[in-house]
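Beneath this line is the structure, given in structure tokens, with notes to follow.
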Amino acid sequence: MDVGETTRTALGRLEDELARRAGAPVLLERPAKAEHGDYATNVALRLAGAQQRPPLEIASELAGAAAALPAVERAETAPPGFVNLWLAPAWYGEALGELLAAGPGYGGGSATAPERVQVEMVSANPTGPITVASARNGAYGDSVARLLAFAGNDVEREYYYNDAGTQMERFRVSVEAARRGEPPPEDGYAGDYIQDLAALEGDPVPPMLRRIEESLERFRIHFDSWALQSELASHLPELLDDLDTYERDGALWVRSSAYGDEKDRVLVRSPERGGQPTYEAADIIYLRNKLERGFDRAIYILGADHHGVRGWYAVIARMLGYDPERVEVILYQLVHLTRGSDVVKMSKRRGEVVTLDEFVDEVGVDAARWHLVDRGPDRSIDVDVDLAQERSRKNPVYYVQYVHARTAGIFREAGNAPMDAEPKHDLDTEERNLVKRLLEFPRLVTEATERRAPHLVTDFAIRVADDFHRFYHDRKRHQVVGSPQQPFRLALMKATRSVIARSLDLVGVEAPDRM
RNA sequence: GCGCCUGUAGCUCAGUGGACAGAGCGGCGGACUUCUAAUCCGCGGGUCGGAGGUUCGAAUCCUCCCAGGCGCACCA
């Protein structure tokens with residue numbers, strides 16, 4: 001919807017033409033019903049109040065002006081004040097030609113002021129394998145990162161872990177116990193992976209981290225950097241000088257309530273509580289570290305159980321003198337494990353966890369990634385511990401991938417035959433619908449990026465697949481290779497394949513040439 | 001008690017101010033001498049949790065209520 005986008009697409013130019021005639025911005029929408037035209041605008045309804053005129057009168061004038069445009073084949077009004085437009089085949093050719101000219105970057109580059117962005121995600125302490133719960137964090141965070149990068153931002157992914165806390169101590173003690181052939185201590189960690197680590201020499205943390213990284217790489221998530229709390233902790237003394245702190249009850253507090261916090265926080269515990277820095281102290285060190293490294297924006301991907309810290313990060317930014325707008329906390333609801341219709345409590349000790357590797361072994365990377373991002377982040381996800389239902393071949397991911405396989409088949413058949421976006425025939429409903437769908441992509445991607453909502457992309461990909469499969473299936477009318485319409489239809493197929501491939505890539509799913 | 005999220009078709013969910021509310025799955029009935037039937041077509045299915053309000057227009061915005069999930073430590 002930015003100026004740059006509207007002026008460089010056929011749809012944007014048409015909107016600008018209409019806006020000039022209406023005297024107000026015009027947004028063309030695709031009506032739900034075919035009888036309401038290719039595109040429609042409600043601008044007359046919006047103007048009626050200010051102009052003190054009946055909406056249909058304004059609509060009628062605009063429809064008359066629109067009908068005179070070469071791109072417009074027919075313009076009608078409809079109560080209470082819509083203007084409905086039917087566009088000429090030449091306009092479709094122009095629009096499709098522009099889409100193809102944009103190449104692989106079609107739909108990208110929407111960031112008006114590109115930023116250096118860090119997305120911190122997963123960040124599970126390395127006390128065990130990555131679970132399917134953390135995998136949602138990764139699938140979601142990585143897709144957001146892909147969207148931001150496609151928009152033109154410089155994006156890095158970081159994994160943060162606490163290598164020195166009590167959780168890690170319990171983990172190390174559990175491995176030590178296993179090495180002596182003893183059971184894990186109270187509150188320790190059990191499981192086959194502990195035995196695997198016990199068979200190795202030395203600190204079990206590095207091999208555990210390698211295993212985590214392997215799981216995530218297999219899941220197509222690559223981390224540019226790994227941050228350790230122990231390396232950051234040494235910066236605490238210099239940090240304390242810059243903060244408004246005081247002592248009470250033997251502990252060191254920060255006056256965060258003066259920066260919008262609901263209460264002050266302890267940064268260093270009192271001696272009788274161990275005298276160690278708190279998690280909040282680590283938060284402050286880490287945020288400053290991120291921003292000092294030159295990131296314009298620091299994004300935290302956190303499960304909804306951490307929603308309480310959302311305001312805390314803004315408080316930290318203010319305490320350190322940074323613009324809180326540079327810090328962004330994105331929350332997603334949690335993954336619940338079910339068995340049939342029963343919710344089961346996740347518990348490592350009882351073995352009631354599903355690891356990412358198990359999930360991927362069962363359903364494959366593509367179905368797993370799709371399943372973990374195809375609904376809004378504000379909605380919780382159930383994963384059946386027996387995994388039978390996710391194994392289904394009815395998963396929409398295959399429906400979408402099939403578009404890519406079918407278009408690839410067409411090009412195997414067509415070879416290097418010439419293509420031409422300019423249609424030499426009158427376009428039928430399926431052809432028009434497919435072009436219009438593909439033209440939605442730039443705005444859809446822009447919205448998905450701004451809203452941090454990759455599920456809009458999977459939803460859109462299904463819509464593209466609907467339109468494509470409807471076109472493709474009727475071979476009598478829509479034969480591509482060898483038909484009189486071949487040059488145009490090859491152009492349409494190339495555009496379809498490109499949009500589907502990009503949509504799948506944005507959520508980390510492969511686009512196969514054969515299925 | 002305070003805060004955040006959710007409540008839409010039998011099930012899982014899209015839909016963040018527009019035209020009679022959509023899709024997938026499940027159910028029933030049809031379509032292959034194919035550029036891949038992992039596809040397509042048809043039929044059934046909904047007081048959009050409830051009540052008010054704002055608006056020409058509300059699933060969408062506001063207020064209250066109900067139900068479910070999660071969070072409110074000198075825990076990590």
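Below, chain A is the first sequence line, B the second, and so on; all start at residue 1. All values derive from a computational prediction rather than experimental measurement.
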Taking [M] as the reference, what is the distance to [N] when you measure between their [atom1] atoms (whole Å, please)?
{"N": "A14(B)", "M": "G49(B)", "atom1": "P", "result": "13 Å"}
{"N": "U54(B)", "M": "A59(B)", "atom1": "P", "result": "16 Å"}
{"N": "G69(B)", "M": "G45(B)", "atom1": "P", "result": "34 Å"}
{"N": "A21(B)", "M": "G15(B)", "atom1": "C1'", "result": "9 Å"}
{"N": "A38(B)", "M": "C72(B)", "atom1": "P", "result": "50 Å"}
{"N": "U8(B)", "M": "U12(B)", "atom1": "C1'", "result": "12 Å"}
{"N": "G53(B)", "M": "U60(B)", "atom1": "C1'", "result": "15 Å"}
{"N": "A23(B)", "M": "A9(B)", "atom1": "C1'", "result": "11 Å"}

Respond yes when some side-chain nitrogen or oxygen of [X] is under 4.0 Å from OP1 or OP2 of [N], and no when none is.
{"X": "Arg514(A)", "N": "A38(B)", "answer": "no"}
{"X": "His307(A)", "N": "C72(B)", "answer": "no"}
{"X": "Arg375(A)", "N": "C13(B)", "answer": "yes"}
{"X": "Tyr399(A)", "N": "C40(B)", "answer": "yes"}

Quick check on the 6.0 Å ring-centre criterion: do His425(A) and Phe488(A) meet it?
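When the ring centroids of His425(A) and Phe488(A) are compared, they turn out to be within the sub-6.0 Å range.
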May I ask you to check whether Tyr399(A) and His469(A) place their ring centers less than 6.0 Å from one another?
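When the ring centroids of Tyr399(A) and His469(A) are compared, they turn out to be within the sub-6.0 Å range.
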If you check every side-chain atom of [X], which of [options] has the closest atom?
{"X": "Met515(A)", "options": "C72(B), A38(B), A14(B)", "answer": "A38(B)"}
{"X": "Asp378(A)", "options": "C35(B), U6(B), C74(B)", "answer": "U6(B)"}
{"X": "Arg470(A)", "options": "C40(B), C74(B), G71(B)", "answer": "C40(B)"}
{"X": "Val480(A)", "options": "C35(B), A23(B), U39(B)", "answer": "C35(B)"}
{"X": "Val266(A)", "options": "C70(B), A23(B), C74(B)", "answer": "C74(B)"}
{"X": "Pro396(A)", "options": "G24(B), C35(B), C72(B)", "answer": "G24(B)"}

Watson-Crick or G-U wobble partner of [N], both distances under 3.5 Å:
{"N": "U39(B)", "result": "A31(B)"}
{"N": "C56(B)", "result": "G18(B)"}
{"N": "G7(B)", "result": "C66(B)"}
{"N": "C2(B)", "result": "G71(B)"}
{"N": "A23(B)", "result": "U12(B)"}
{"N": "G46(B)", "result": "none"}

For Lys494(A) and Phe411(A), work out which heavy atoms get closest and say how close.
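Shortest heavy-atom contact: N-CZ, 3.6 Å.
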Can you confirm whether Glu272(A) is buried at CD, in the sense that more than 12 heavy atoms of other residues, nucleotides or ligands lie under 6.0 Å from that atom?
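Yes - once you tally the heavy atoms of other residues, nucleotides and ligands closer than 6.0 Å, there are more than 12.
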Atom [atom1] of [X] to atom [atom2] of [N]: distance rounded to whole Å?
{"X": "Asp249(A)", "N": "C74(B)", "atom1": "CG", "atom2": "P", "result": "10 Å"}
{"X": "Asp467(A)", "N": "C40(B)", "atom1": "CG", "atom2": "P", "result": "11 Å"}
{"X": "Asp382(A)", "N": "C13(B)", "atom1": "CG", "atom2": "P", "result": "7 Å"}
{"X": "Arg310(A)", "N": "C70(B)", "atom1": "CZ", "atom2": "P", "result": "19 Å"}
{"X": "Arg379(A)", "N": "G69(B)", "atom1": "CZ", "atom2": "P", "result": "16 Å"}
{"X": "Glu430(A)", "N": "C40(B)", "atom1": "CD", "atom2": "P", "result": "12 Å"}

Salt-bridge present ([X], [Y]; N to O < 4.0 Å):
{"X": "Glu328(A)", "Y": "Lys290(A)", "result": "no"}
{"X": "Asp467(A)", "Y": "Arg463(A)", "result": "no"}
{"X": "Arg470(A)", "Y": "Asp474(A)", "result": "no"}

If you look at every strand shown and take non-hydrogen atoms under 4.0 Å, does [X] touch a base, only sugar-phosphate, or nothing?
{"X": "Tyr472(A)", "answer": "base"}
{"X": "His478(A)", "answer": "base"}
{"X": "Asn162(A)", "answer": "sugar-phosphate"}
{"X": "Gly376(A)", "answer": "sugar-phosphate"}
{"X": "Arg265(A)", "answer": "nothing"}
{"X": "His455(A)", "answer": "sugar-phosphate"}
{"X": "Lys263(A)", "answer": "sugar-phosphate"}

Pick out the pairs of N or O atoms, protein on one side and nucleotides 18-20 of chain B on the other, that lie under 3.5 Å.
from, atom 1, to, atom 2, distance (Å)
G18(B), N7, Asn42(A), ND2, 2.8
A19(B), N6, Asn84(A), OD1, 3.0
A19(B), N1, Asn84(A), OD1, 3.1
A19(B), N1, Asn84(A), ND2, 3.3

Picking from Lys33(A), Arg30(A), Lys436(A), what satisfies salt bridge (charged side-chain N to carboxylate O under 4.0 Å, His left out) with Asp38(A)?
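Going through the options one by one, the only one that passes is Lys436(A).
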Validation row: Tyr189(A), Pro184(A) side chains within 4.5 angstrom (heavy atoms)
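With C-beta onward as the side chain, the pair stays apart.
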Steps toward side chain to side chain contact (heavy atoms under 4.5 Å, CB included) verdict (Arg477(A), Phe471(A)):
CA-CA 9 Å; Arg477(A) 293 167 54 222; Phe471(A) 166 83; over 6 Å; no
Between Asn162(A) and Gln167(A), does any side-chain donor sit less than 3.5 Å from a side-chain acceptor?
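Their side chains do not contain a donor-acceptor pair, so the 3.5 Å distance test is not met.
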Under 3.5 Å donor-acceptor pairs involving side-chain atoms of residues 40-59 of chain A, not counting sequence neighbours:
from, atom 1, to, atom 2, distance (Å)
Thr41(A), OG1, Val43(A), N, 3.1
Asn42(A), OD1, Arg46(A), NE, 3.2
Gln51(A), OE1, Arg53(A), NH1, 2.9
Gln52(A), NE2, Gly49(A), O, 3.3
Arg53(A), NE, Glu57(A), OE2, 3.2
Arg53(A), NH2, Glu57(A), OE2, 3.2
Arg53(A), NH2, Glu61(A), OE1, 3.3
Arg53(A), NH2, Glu61(A), OE2, 2.5

Using a 4.0 Å cut-off on heavy atoms, which residues in residues 165-173 of chain A reach RNA chain B? List them by number, or say none.
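Within residues 165-173 of chain A, the residues near RNA chain B are Gly165(A), Thr166(A), Gln167(A).
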